[in-house]
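The chains referred to below are lettered A, B, ... by the order of the sequence lines, with proteins before strands, and numbering in each begins at 1. Here the structure is a predicted model, which means the values were calculated and not measured.
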Protein chains: 4
Amino acid sequence: MWEYRRKVRYYETDRMGVVHHSNYLRLIEDARMDWIRDHVMNYNDMEKLGLIIPAVSASGNFKAFLRYDDEFSVTMKLVKFTGVRLEFTYEIHNTQTGELCYEGESVHYFAAGDDYHPISIKRKFPEIYEAFAAAKEKTEE
Amino acid sequence: MWEYRRKVRYYETDRMGVVHHSNYLRLIEDARMDWIRDHVMNYNDMEKLGLIIPAVSASGNFKAFLRYDDEFSVTMKLVKFTGVRLEFTYEIHNTQTGELCYEGESVHYFAAGDDYHPISIKRKFPEIYEAFAAAKEKTEE
Amino acid sequence: MWEYRRKVRYYETDRMGVVHHSNYLRLIEDARMDWIRDHVMNYNDMEKLGLIIPAVSASGNFKAFLRYDDEFSVTMKLVKFTGVRLEFTYEIHNTQTGELCYEGESVHYFAAGDDYHPISIKRKFPEIYEAFAAAKEKTEE
Amino acid sequence: MWEYRRKVRYYETDRMGVVHHSNYLRLIEDARMDWIRDHVMNYNDMEKLGLIIPAVSASGNFKAFLRYDDEFSVTMKLVKFTGVRLEFTYEIHNTQTGELCYEGESVHYFAAGDDYHPISIKRKFPEIYEAFAAAKEKTEE
């Protein structure tokens with residue numbers, strides 16, 4: 001199963017001694033960027049083609065703390081994909097204890113141009129459309 | 001009406017030229033800390049009493065971009081308060097354009113001890129309880 | 001005397017319970033942006049004219065810790081200005097204790113174009129040049 | 001030769017489209033933590049023993065920009081070690097172009113206690129002392 005793994009960095013903690021809750025959106029972004037690279041194409045190359053994928057919404061539950069040096073995994077699924085929008089769900093586990101630390105979801109849209117206006121990628125970026133669609137089908141299996 | 005105002009800082013933007021979406025959780029935290037100070041007591045002093053308020057969950061919709069130097073306001077309401085948990089809702093507006101940039105909510109619990117275990121504050125911190133309850137009543141008016 | 005003041009935010013601390021040392025470069029950037037606005041012009045407007053001021057180098061001594069909710073002041077001086085480069089020195093004090101927490105300096109260059117190539121602003125942006133030169137003279141008084 | 005490698009993350013960039021200069025102190029911290037783990041002991045375990053290594057000073061030159069998705073390496077040397085203080089030098093290269101992007105140094109002290117007071121580790125932590133001393137000798141070869 002696809003997953004993203006790394007350890008918590010020192011500056012990701014706050015004075016509670018745990019990962020600041022805002023940073024979970026960064027951890028899942030790290031995972032999402034790698035997921036897109038592995039299932040579709042390098043996100044950086046996608047941006048060079050003029051296609052970006054901003055966040056529309058994000059929500060999550062902080063289930064257990066992560067601390068400095070804890071290794072965590074992010075597992076994720078593409079649960080919706082229309083060519084205009086896409087939605088991912090995420091789980092972050094502490095890989096040593098197995099504990100579920102975070103579960104959340106994020107919705108994104110495909111955008112182009114200097115004003116980041118929404119676009120449908122089906123005709124304009126057919127190969128990217130197909131790759132996302134294939135990844136979405138895999139999720140359903 | 002209570003609000004928190006400041007301008008977007010340079011390092012809060014990413015290479016899209018807009019505030020990174022993870023930072024909205026920081027903007028509303030800045031507001032929440034000031035709100036707690038103004039309605040209950042200084043959050044730092046609360047922590048010194050051994051009471052902290054970690055996040056249980058957070059969700060939000062990114063409605064419009066904020067850019068460097070944009071002034072924004074955070075308005076917020078305490079919509080639930082039980083002495084064990086509390087829930088806030090937030091709106092972030094661009095103060096120059098009036099545009100709604102973010103709307104979200106966060107749920108928190110009262111915690112104590114080195115392990116941040118949940119507590120009910122009604123008996124242990126009656127004055128803090130009363131101040132939150134009074135703020136909650138104001139919301140309902 | 002010109003100064004920048006605000007309080008330390010929660011997410012600026014790390015698990016040592018103090019401001020993470022990398023954030024001092026952010027605190028002095030916040031101050032520098034305000035200083036430039038007050039002495040020259042709004043930095044955002046300057047960027048819209050096509051002029052940016054990237055950092056060439058930065059150094060500093062961490063003299064005392066700043067903690068959450070501590071109010072600090074940044075005082076600073078423009079100590080060199082050539083129209084091509086400029087150098088600032090900074091001091092950060094805890095405003096309650098008066099303690100010196102940080103002293104440092106940063107060197108910057110004027111840049112233009114998509115590749116951020118160095119330029120001399122004397123002819124191209126004479127009003128900006130004059131404003132920086134006047135601010136530099138004030139420093140010497 | 002020892003080195004730390006990873007790619008630039010999206011949220012490490014700012015609206016200039018490059019890594020925000022404050023983040024270089026985070027990149028070298030990431031490297032330093034791994035270096036200490038590989039040459040001495042896991043930094044997290046060291047903190048559990050009551051020994052921490054705060055920064056006294058840091059300086060660096062920003063030589064070339066790093067952008068999102070660029071892979072970089074951090075190479076570093078322990079150039080001074082007294083049992084009370086230690087000093088590292090760093091170089092960050094873009095691994096694809098070979099370009100030097102950052103060179104800098106940081107000075108740290110050994111600290112203990114809730115007030116992070118300076119200590120000499122030679123008698124109190126002889127094994128840690130020996131490991132740092134051995135790493136320092138290697139540097140000189």
Can you tell me how far CD of C:E29 sits from CG of D:D14, rounded to the nearest 0.5 angstrom? 7.5 Å
Can you give me the closest heavy-atom contact between C:N44 and D:R15, atom names plus distance? OD1-NH2, 2.9 Å
Proximity of residues 51-64 of chain C to chain D, residues having a non-hydrogen atom under 4.5 angstrom: C:I52, C:P54, C:A55, C:V56, C:S57, C:A58, C:S59, C:G60, C:N61, C:F62
Take atom NZ in C:K136; do more than 12 heavy atoms of anything else shown fall under 6.0 Å from it? yes
Who passes side-chain contact (heavy atoms from CB on, under 4.5 Å) against D:K122, sequence neighbours left out? D:S120, D:Y129
For D:F65, is it the side chain, the backbone, both, or neither that has a heavy atom closer than 4.5 Å to a heavy atom of chain C? side chain
Part of residues 78-116 of chain C lying next to chain D, heavy-atom separation under 4.5 Å: C:Y109, C:Y116
Residues in salt bridge (Lys or Arg N to Asp or Glu O under 4.0 Å) with D:K7, at least two apart? D:D69
